[in-house]
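Here's the structure we're looking at; comments come further down.
FYI, the numbering just counts along the sequence from 1. All values below come from the heavy atoms of this structure, side chains included, with hydrogens, waters and symmetry mates left out.
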Amino acid sequence: MAFALWRRRRDAKIVALYGAIVAQARSPAFYTECGVADTVQGRFESVVLHLALVMRRLRNADGQHSAATQSLFDHFCRDMEGNLRELGVSDLRVPKRMRGFGEAFYGRASAYDRALDGGDAAELASAVSRNMLPGQDNPTVAAARLADYVLRSEHLLREQDAAEIVSGNIAFPAVVAASSQVAGEDGR
């Protein structure tokens, strides 16, 4: 009985955290200011980016939140599966698509981790450009804005208590920094 109560509380926290991640990923500025396509794929990429950043923060919290990190990823998978079913993907195709989602997540998270671990802004801009801005002719400005956002997000997440994050109390920075908005408008 006590275990079931603890599990429901943990699940409610994970649902709140995932909801906060998705809400941030759907911020209109990603689509209007940063060039992310407002499509199913573009929204998926934005969720993956935010999920990867939060899971990175929780992994770096001395291993105290590994169960929460796994629960968060599991919730993401259940959400993706539900979305596939809502889109009418057949039961036979769902497992294959889910494998693709898992591979996409881990590939992107690995690319973001490499760039962040190495402190390489150019590699980070390349990773976000490749994943979030495919097919754009000249994504340089948008990629720089997204890379700046990722760096600011990682910094802000590091400053937040991991237990508070797991509880769903999470803060993200503005999508486009005030200095970027001014520079972008002036063309500098």
>> Assess the residue pair Leu124 and Tyr112 against the criterion (side-chain contact (heavy atoms from CB on, under 4.5 Å)); give the C-alpha distance rounded to whole Å, side-chain angles, the decisive distance to 0.1 Å, and a yes or no.
In response: CA-CA 6 Å; Leu124 182 58; Tyr112 299 143; 4.2 Å; yes

>> Does Val47 form a side-chain contact (heavy atoms from CB on, under 4.5 Å) with Asp79? I'd like the steps, not just the answer.
In response: CA-CA 11 Å; Val47 169; Asp79 182 45; 5.9 Å; no

>> With side-chain contact (heavy atoms from CB on, under 4.5 Å) as the criterion, how do Ile165 and His65 come out once you've worked through the C-alpha distance, each side chain's angles and the decisive distance to 0.1 Å?
In response: CA-CA 10 Å; Ile165 291 172; His65 301 287; over 6 Å; no

> Would Leu157 and Ile170 count as a side-chain contact (heavy atoms from CB on, under 4.5 Å) if you check the C-alpha gap in whole Å, the side-chain angles of each, and the deciding distance to 0.1 Å?
Replying inline: CA-CA 8 Å; Leu157 287 169; Ile170 187 170; 3.6 Å; yes

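Applying the salt bridge (charged side-chain N to carboxylate O under 4.0 Å, His left out) definition to pairs two or more places apart or across chains, those involving residues 158-171 are Glu154-Arg158. Residue pairs that meet the salt bridge (charged side-chain N to carboxylate O under 4.0 Å, His left out) test with at least one member in residues 36-53, sequence neighbours left out, are Asp38-Arg43, Glu45-Arg108.
Between Arg97 and the options Leu87, Asn83, Val89, a side chain to side chain contact (heavy atoms under 4.5 Å, CB included) holds for only Val89.
Residues Val175 and Gln24 are in side-chain contact: their nearest non-hydrogen atoms beyond the backbone lie under 4.5 Å apart. Put simply, the side chain of Met80 does not reach to within 4.5 Å of the side chain of Cys77, judged on heavy atoms. Contact check for Ile21 versus Leu72: side-chain heavy atoms found under the 4.5 Å cut-off. Between Cys34 and Tyr149, every side-chain heavy-atom pair lies at or beyond the 4.5 Å cut-off. At least one side-chain heavy atom of Leu51 sits less than 4.5 Å from a side-chain heavy atom of Phe105. Within the 4.5 Å cutoff, no side-chain heavy atoms of Phe44 are placed close to those of Asn131. Taking 4.5 Å as the limit, every side-chain heavy atom of His75 sits out of range of all side-chain heavy atoms of Ser71. The shortest side-chain heavy-atom distance between Ile14 and Asp74 does not fall under the 4.5 Å cut-off.
Rounding to the nearest 0.5 Å gives a distance of 10.0 Å between CZ of Arg78 and CE of Met98. Arg56 CZ to Ser153 OG: the interatomic distance, rounded to the nearest 0.5 Å, is 12.0 Å. Atoms CD and CE, on Gln41 and Met132 in that order, are 10.5 Å from each other to the nearest 0.5 Å. Atom CG of Asp117 and atom CD of Glu123 lie 9.5 Å apart (nearest 0.5 Å).
Contact record, Val128 with Ala147: CG2-N, 4.0 Å, taken as the closest heavy-atom pair. Counting all heavy atoms, side chain and backbone alike, Ser46 lies closest to Tyr31 at CB-OH, 3.7 Å. Closest approach of Val36 and Gly42 over heavy atoms only: CG1-O, 3.6 Å.
Panel note: side chain Ser126, backbone Ala122; no donor-acceptor pair is recorded below 3.5 Å. Between the side chain of Arg57 and the backbone N or O of Gln160, at least one donor-acceptor pair lies under 3.5 Å. At distances below 3.5 Å, not a single donor-acceptor pair connects side-chain atoms of Ser27 with backbone N or O atoms of Phe30.
Two rings, from His50 and Tyr18, have their centers 6.0 Å or more apart. Tyr106 has its ring centre no less than 6.0 Å from the ring centre of Phe101.
Ion pairing between a basic and an acidic side chain is recognised when a charged N comes within 4.0 Å of a carboxylate O; Asp148 and Arg152 show such pairing.
The cluster map of Ile, Leu, Val, Met, Phe, Trp and Tyr, joined by side-chain heavy atoms under 4.5 Å apart, puts Leu146 and Leu156 in different clusters.
More than 12 heavy atoms of other shown residues, nucleotides or ligands fall within 6.0 angstrom of atom CZ in Arg85.
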